[in-house]
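As the structure is a computational prediction, the values presented were derived from the model and not from experiment. By convention in this document, chain letters (A, B, ...) are assigned in the order of the sequence lines, proteins followed by strands, and residues within each chain are numbered from 1. All heavy atoms count here, side chains included; hydrogens, waters and symmetry mates do not.
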There are 2 protein chains.
Amino acid sequence: MHTTKPRHDTTEGTEGGDAAVGTRDRIVRAAARLLQRQGYEGTGIKQIARDAEATLGSVYHFFPGGKQELAVAAIRHGEQEFADMLRAGLAADDDPAQAVVACTLLLATTLRESDWTDGCPVAATALETVGRAPDIQRACAEAIGHWTDLVSDKLCDGGLAEDTAKELAGATISTLEGAELTAQVLRSEEPLLAAGRHLARLIRTYQ
Amino acid sequence: MHTTKPRHDTTEGTEGGDAAVGTRDRIVRAAARLLQRQGYEGTGIKQIARDAEATLGSVYHFFPGGKQELAVAAIRHGEQEFADMLRAGLAADDDPAQAVVACTLLLATTLRESDWTDGCPVAATALETVGRAPDIQRACAEAIGHWTDLVSDKLCDGGLAEDTAKELAGATISTLEGAELTAQVLRSEEPLLAAGRHLARLIRTYQ
DNA sequence: TACCGGATAGAGCGTTCGCTCTAGTTGTGC
DNA sequence: GCACAACTAGAGCGAACGCTCTATCCGGTA
């Protein structure tokens, strides 16, 4: 069974971009982007539907659990996007220290090009739902764990002991999160670049 | 009518406890705590007034600029609270590396004792208003700058060159922010403790 | 042809939002 | 004693909130 397709898509089929994507996917993507920029409480379901060019009925058809269920799906989508970027950065260099620097450069570029609005896809939602929406918090925790594993594997490949790699990977993700937050608030890529330099220096002390 | 009403006790109150605090202060404190836990959009003015044991009229009397003006005052209040904690941690040891570890321990304890709800007082608000509420964003940026200066001074006192100290201080604040976020989401103090260990190791490479 | 069920469409429910507005209450200076 | 400013008090506005509900549309099957 194929993923949900737009049954009666009134828009012309020749148009590219989101039009070729199923309704459910468009809703998830719009939700992920809005949650990333405005957080959970700042984002309304009607706004998500409008951005996704879907109707409220479709949203509740695909996500009968309402806003929370949609938010969980959006967080998972953001997790994948962020993981893709991490993978790309980590693959840029054999040396783990240089690879982490590549990650910070990627993040800095993305952030600047979005005028400092597109930071970590889960941070805003995570912070304002902590302790009040267990499903969402769990999805955020899984995202962080997944990202940490990506970094940890790279550090292991670089020759670090597994225990060391795991702890250092956790600290790396924490630092990237904080540096991205700081960069957004200060509207500068310097915090991300500084984080990259210092993470590289730190990793080298273990090599 | 109501029985217990805070009367005209503006800046009186040498006694401890909220009862002796002026209405304006109670409003700012309640707003700061709610913004820290629920973010900007997740916090309503009526809830702030209720928590502060004040009325809506009082809120708009003291903050005619509405929610945004109140949020700026609350962010400034949170900045001071966090700065006090940083100062306490930094004063705990002459060695800057050990002092930063003390900061992470303080943060971890506070976080755990609040059941992981009381993280950075500005992070949630900052993330969801980035690029959409310049006054609030500016206040958040000033807070981060202030905290960075505190760490930078400590590093200078420890013998680091000023340029090095400034850059390292920025990275330290970023890391603390990220580690606190991660600790809240994962409901564990380990990210903060790991951040402390690695920051200390990093600082020592400059000594 | 008739029908079924997934998907679309949007009016409308009750509630809450930020905020305005008018009155009432209180301490202080003349 | 009185006027005045500072402060408290809360009803109520229009808009937006999350969500429910019914009505339709459509391709595929019988």
Can you tell me how far P of D:dG18 sits from CG of A:Leu35, to the nearest Å? 11 Å

Give the rounded distance in Å between these two atoms: CZ of B:Phe63 and C1' of C:dG18. 16 Å

Between P of D:dA16 and CD1 of A:Ile48, the distance in whole Å: 16 Å

Just how far, in rounded Å, is P of D:dC7 from CZ of B:Arg24? 11 Å

Between B:Ser58 and A:Gln47, which residue's closest nucleotide on DNA chain D lies nearer the 5′ terminus? B:Ser58

What's the CD1-P distance between A:Ile45 and D:dG18, to the nearest Å? 5 Å

Determine whether the side chains of B:Thr23 and B:Ser58 contain a donor N or O and an acceptor N or O closer than 3.5 Å. no

Counting the atoms with a prime plus P, OP1 and OP2 as sugar-phosphate, which does A:Gly44 contact under 4.0 Å by heavy atoms, base, sugar-phosphate, or nothing? sugar-phosphate

Mind checking if B:Gly66 touches a base, just sugar-phosphate, or nothing, with heavy atoms under 4.0 Å? sugar-phosphate

To the nearest angstrom, the CZ-P distance between B:Arg50 and D:dG10 comes to 13 Å

Nearest whole angstrom, please: distance from the P of D:dG18 to the CG of A:Leu34. 12 Å

Can a donor-acceptor pair be found between the side chains of B:Gln47 and B:Gln38 at a distance below 3.5 Å? yes

Measure CD/B:Glu53 against C1'/D:dC7 and give the value in whole Å, please. 17 Å

A:Tyr60 and A:Ile45, any side-chain heavy atoms less than 4.5 Å apart: yes

Under 4.0 Å between a Lys/Arg side-chain N and an Asp/Glu carboxylate O for B:Arg29 and B:Asp51? no

Per atom distances to the A:Tyr60 side chain, the nearest of C:dC19, D:dG18, D:dT8 is D:dG18

The answer to which of B:His61 and B:Lys46 contacts DNA chain D further toward the 5' end, by nearest nucleotide, is B:His61

Using only side-chain N and O atoms of A:Thr23, determine if any of them is under 4.0 Å from OP1 or OP2 of C:dT8. yes

Per atom distances to the B:Leu56 side chain, the nearest of D:dG18, C:dG10, D:dG10 is D:dG10

Do NZ/NE/NH1/NH2 and the carboxylate oxygens of B:Lys166 and B:Glu162 come within less than 4.0 Å? yes

